[in-house]
Amino acid sequence: MHNFGIYAGTNEFVFDGEKNVVLIGGMNGRGKTTILEAVLLALYGRNSFAYTESNFQSYSRYLDSYVNKMDGTLMSYIQLEFELDGSDYMIRRSWEGSKRRIMDGIEVRQEGKINEFLTDNWVMFMENLLPSGLSNFFFFDGEKIAELAADSTDERLKDSIKSLLGIEVLESLERNLGKLLRKSGKENNRVFKEELSFELKRAKEDAEQELRELDQKIQTLETELVDTDKKIEQARIEYTSKGGDIFEKREEYFKKRSELSAKQSQQKEQLLETAASELPLVLVRGLLDDVKVSVEKERESKENSMAMKKIQEFYSSYKKDNPSIDLADFIKYMSSITQETESDVVYDLSDSAWLQLVQLCEGKLDKRIDDTEHLFEVCDETRQEIESTDSLLSVEIDEEKIGKVYKKIIRLEHEKSKIEVELDDCRKERPHLNNAQIKANTEFNRYVEGMLKKLETSDDYDRIVKYFHLATDVLSEYKVKLQEKKIGKLAGEMTNCYKQLANKKGMIAKIEMDPVSLDLRYLNDQDDEIPKERLSAGEKQLMVVSLLWALAICSRRKLPVIIDTPLSRLDSKHRMSLIKTYFPNASDQTIILSTDSEIYGKYYKELKKNVGNEYTLNYNDETKSTTIQNGYRWEEEQ
């Protein structure tokens with residue numbers, strides 16, 4: 001359940017216990033009944049008896065009432081997964097609240113894959129699996145059980161019994177026979193007039209003529225529209241061939257030509273700036289490399305000379321302090337090496353000049369060459385654009401002829417618009433004339449057929465009345481006998497169920513059901529009827545539970561049972577009877593929605609051996625929402 005009712009956000013129940021009973025605890029108003037209604041809504045949508053028995057005037061308002069607006073998205077969905085005949089199914093209904101008309105979207109998956117057929121035909125699938133009229137045998141509210149116990153003539157319960165036994169089919173057949181009789185009577189009493197037949201025929205012919213004329217007009221307009229489109233296309237071709245497109249864009253081309261000229265001037269200035277920079281040195285690239293080698297030698301010789309002078313200075317200073325040490329031979333050796341590496345100074349470049357020379361030789365000239373080549377390419381592109389624009393501007397254009405062609409196009413466009421408007425009006429009118437023609441034709445045919453039937457069936461009406469009464473008598477007798485046969489089995493099953501639940505084993509020995517009224521009779525060992533007034537409120541409620549149990553058994557449908565607040569009005573003995581006998585045997589999966597005053601203490605201990613999953617519904621006063629907690633909290637607190 002996502003943003004559904006009192007449940008904010010996404011809340012999930014997983015029933016995977018090995019035992020058949022699922023116990024969910026919650027205080028009143030904390031979302032127990034919401035779980036039951038979520039299951040019904042997921043399975044039945046607008047056919048859910050929770051909706052049909054509610055006070056909502058529309059299904060949209062019903063869906064909107066369950067949108068939890070806590071997160072502000074107004075998006076809600078319920079998703080139900082179940083297993084049936086060895087296959088896994090998932091149905092998801094989703095909708096968005098606060099709209100004028102809310103529609104629920106449905107998606108059905110089988111074995112994890114979307115099943116388009118089930119998605120489109122889910123209502124039919126569910127009615128075959130468990131008709132909505134029988135769903136209250138398996139999903140019911142304990143409070144409603146108490147209401148049914150107080151009302152022995154509840155018509156909804158009787159209708160459900162008839163639905164289970166198939167009796168409603170006979171009643172539907174009887175109603176249809178009555179409609180047939182009334183229809184035959186009306187037809188038999190109808191008076192046919194010759195003048196009316198002529199009027200209907202004339203109306204039919206007039207409607208057919210109007211429709212034919214309109215269809216001819218539509219066809220003519222469609223042909224005119226095609227011809228006009230061809231004329232417009234030819235005029236546009238002529239307009240283009242005479243330079244109309246160029247004429248329209250002439251100012252734009254002049255502006256473009258001016259921009260290209262300015263761009264070309266900028267590019268020429270860039271070329272001049274490049275030519276005025278180090279680019280001419282490319283012509284003497286080899287000489288620059290030779291100069292670089294010579295300067296490197298000069299700098300090395302200069303550095304050696306400076307180093308030698310420093311060494312001699314250090315030696316003289318050191319000799320003064322240490323006269324006994326003689327390093328003269330080493331000084332002579334170093335001087336000889338320096339003299340060998342000395343070269344004539346030709347360039348004598350400064351450090352900054354040397355740095356510029358190195359940069360030129362090691363990449364700067366190459367980059368300047370690349371930039372210049374790219375600039376020449378850009379200049380060439382600009383020149384080509386200028387030439388192309390000049391060729392367009394040099395085209396000779398006859399403005400007078402172009403103007404005439406342009407006016408022709410405007411006139412044809414106007415004619416086309418008028419044809420389209422008139423054609424659209426005719427197409428809108430056609431459904432009305434077609435419906436009028438169909439109606440007139442139908443009325444005429446029906447009248448003629450009625451006249452023929454009157455002639456053919458006037459003698460049959462008495463026979464229809466005779467067989468109607470005969471058929472209704474047979475149906476009434478058959479319905480009683482069918483109800484006697486099936487009701488006997490249902491009453492016997494109900495007796496067995498009640499005996500398993502009741503504490504006063506000897507008080508009621510047999511339960512019978514009237515085959516016509518479907519009222520229940522309670523008999524003792526002597527076959528004496530026990531008035532219903534002698535039964536306590538708890539015993540009456542057990543009677544209804546026994547009936548629901550018996551109906552579920554007789555339906556032969558192996559389905560889960562959901563019971564909401566099952567023990568609210570039962571005394572301790574009757575509660576224990578349901579916990580020991582009914583809940584473990586009601587179904588292969590029994591989901592119980594209980595308050596803290598129903599299943600606790602000894603009742604919980606007795607039921608625990610059959611419980612596979614248990615949850616507690618916790619309500620948060622700050623968020624005004626309910627969350628799901630594993631475990632049965634009230635029992636843990638005791």
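Numbers here simply count residues along the sequence, with the first being 1. Just so it is clear, the model here is predicted, and its values are computed rather than measured.
Heavy-atom minimum distance, Leu523 versus Glu529: CD2-CA, 3.6 Å. When every heavy atom of Tyr615 is checked against every heavy atom of Asn613, the shortest pair comes out as CE1-CB, 3.9 Å. Shortest non-hydrogen contact noted between Ala50 and Tyr62 is CB-OH, 3.7 Å. In terms of heavy-atom proximity, Arg46 sits nearest to Thr52 at O-CG2, 3.8 Å. In plain terms, the two heavy atoms of Ala42 and Ile91 that are nearest each other are O-CD1, 3.0 Å. The shortest heavy-atom contact between Thr10 and His2 is OG1-ND1, 2.7 Å.
Checking side-chain atoms of Ser587 against main-chain N and O of Thr590 turns up no donor-acceptor pair under 3.5 Å. Under a 3.5 Å cut-off, the side chain of Lys499 and the backbone N or O of Ala509 do form a donor-acceptor pair. Side-chain atoms of Asn121 come within 3.5 Å of backbone N or O of Phe117 as a donor-acceptor pair. With hydrogens and angles disregarded, a donor-acceptor distance shorter than 3.5 Å links the side chain of Asn435 to the backbone of Pro431. Remark: the backbone N or O of Tyr7 is not paired with any side-chain donor or acceptor of Ser625 at under 3.5 angstrom. Here the side chain of Lys510 pairs no donor or acceptor atom with the backbone of Thr495 at under 3.5 angstrom. Distance alone, capped at 3.5 Å, places no donor-acceptor pair between the Ser48 side chain and the Tyr44 backbone.
Geometrically, Arg92 engages Tyr77 in a cation-pi contact defined by less than 6.0 Å to the ring centre and at most 45° from the axis.
Crowding of Lys69 atom NZ: a count of heavy atoms from other residues, nucleotides or ligands under 6.0 Å exceeding 12. Within a 6.0 Å sphere centred on CG of Asn620, heavy atoms belonging to other residues, nucleotides or ligands number more than 12. Remark: Phe56 CZ is packed, more than 12 non-hydrogen atoms of other residues, nucleotides or ligands lying under 6.0 Å away. In this structure, Gln57 places its CD atom where only 12 or fewer heavy-atom neighbours from other residues, nucleotides or ligands lie under 6.0 Å away.
Leu547 contributes atom CG, which lies 5.0 Å from atom CE of Met494 (distance to the nearest 0.5 angstrom). Asn618 contributes atom CG, which lies 5.0 Å from atom OG1 of Thr627 (distance to the nearest 0.5 angstrom). Atom CE in Met576 sits 5.0 Å away from atom NZ in Lys602 (nearest 0.5 Å). The distance from the CH2 atom of Trp95 to the CG atom of Leu41 is 5.0 Å, given to the nearest 0.5 Å. A distance of 11.5 Å separates CG of Leu118 from CE of Met126, quoted to the nearest 0.5 Å. Remark: Arg30 CZ to Ile35 CD1 distance equals 13.5 Å, nearest 0.5 Å.
Looking at heavy atoms from C-beta onward, Tyr522 lies out of side-chain contact with Pro531 at the 4.5 angstrom threshold. Here the side chains of Leu23 and Tyr604 are in contact, with some heavy-atom distance below 4.5 Å. In this structure the side chain of Leu501 reaches within 4.5 angstrom of the side chain of Leu578, judged on heavy atoms. Counting only heavy atoms from C-beta outward, the side chains of Asp88 and Glu81 never approach each other to under 4.5 Å. Put simply, the side chain of Lys32 reaches to within 4.5 Å of the side chain of Leu617, judged on heavy atoms. Two residues are said to be in side-chain contact when any heavy atoms from C-beta on lie closer than 4.5 Å; Leu40 and Leu43 fail this criterion. Inter-residue side-chain proximity for Ser76 and Leu63 is flagged as unmet; no heavy-atom pair is nearer than 4.5 Å.
The closest side-chain donor-acceptor pair between Asp71 and Thr73 falls under 3.5 angstrom. Between the side chains of Glu493 and Tyr498, not a single donor N or O lies within less than 3.5 Å of an accepting N or O. Side chains of Thr595 and Ser597: a donor-acceptor N/O pair is present below 3.5 angstrom, by distance only. Side-chain contact check for Asn610 and Asn20: no donor-acceptor pair (N or O, by modelled atom type) lies under 3.5 Å.
Checked options Thr34, Ile562, Thr33; the residue passing with Leu593 is Ile562 (criterion: side-chain contact (heavy atoms from CB on, under 4.5 Å)). The side-chain contact (heavy atoms from CB on, under 4.5 Å) test with Ile592 singles out one residue from Ile599, Val611, Ile24, and that residue is Ile599. Remark: of the listed residues Tyr582, Phe583, Trp549, Tyr582 is the sole one forming a side-chain contact (heavy atoms from CB on, under 4.5 Å) with Val561.
With respect to the salt-bridge test (charged N to carboxylate O, under 4.0 angstrom), the residues Arg93 and Asp104 qualify.
Using the six-membered ring where Trp is involved, Tyr51 and Tyr59 have ring planes that are perpendicular, over 60° apart on the 30 and 60° scheme.
Residues satisfying the salt bridge (charged side-chain N to carboxylate O under 4.0 Å, His left out) test with Arg109, not counting sequence neighbours, are Glu107.
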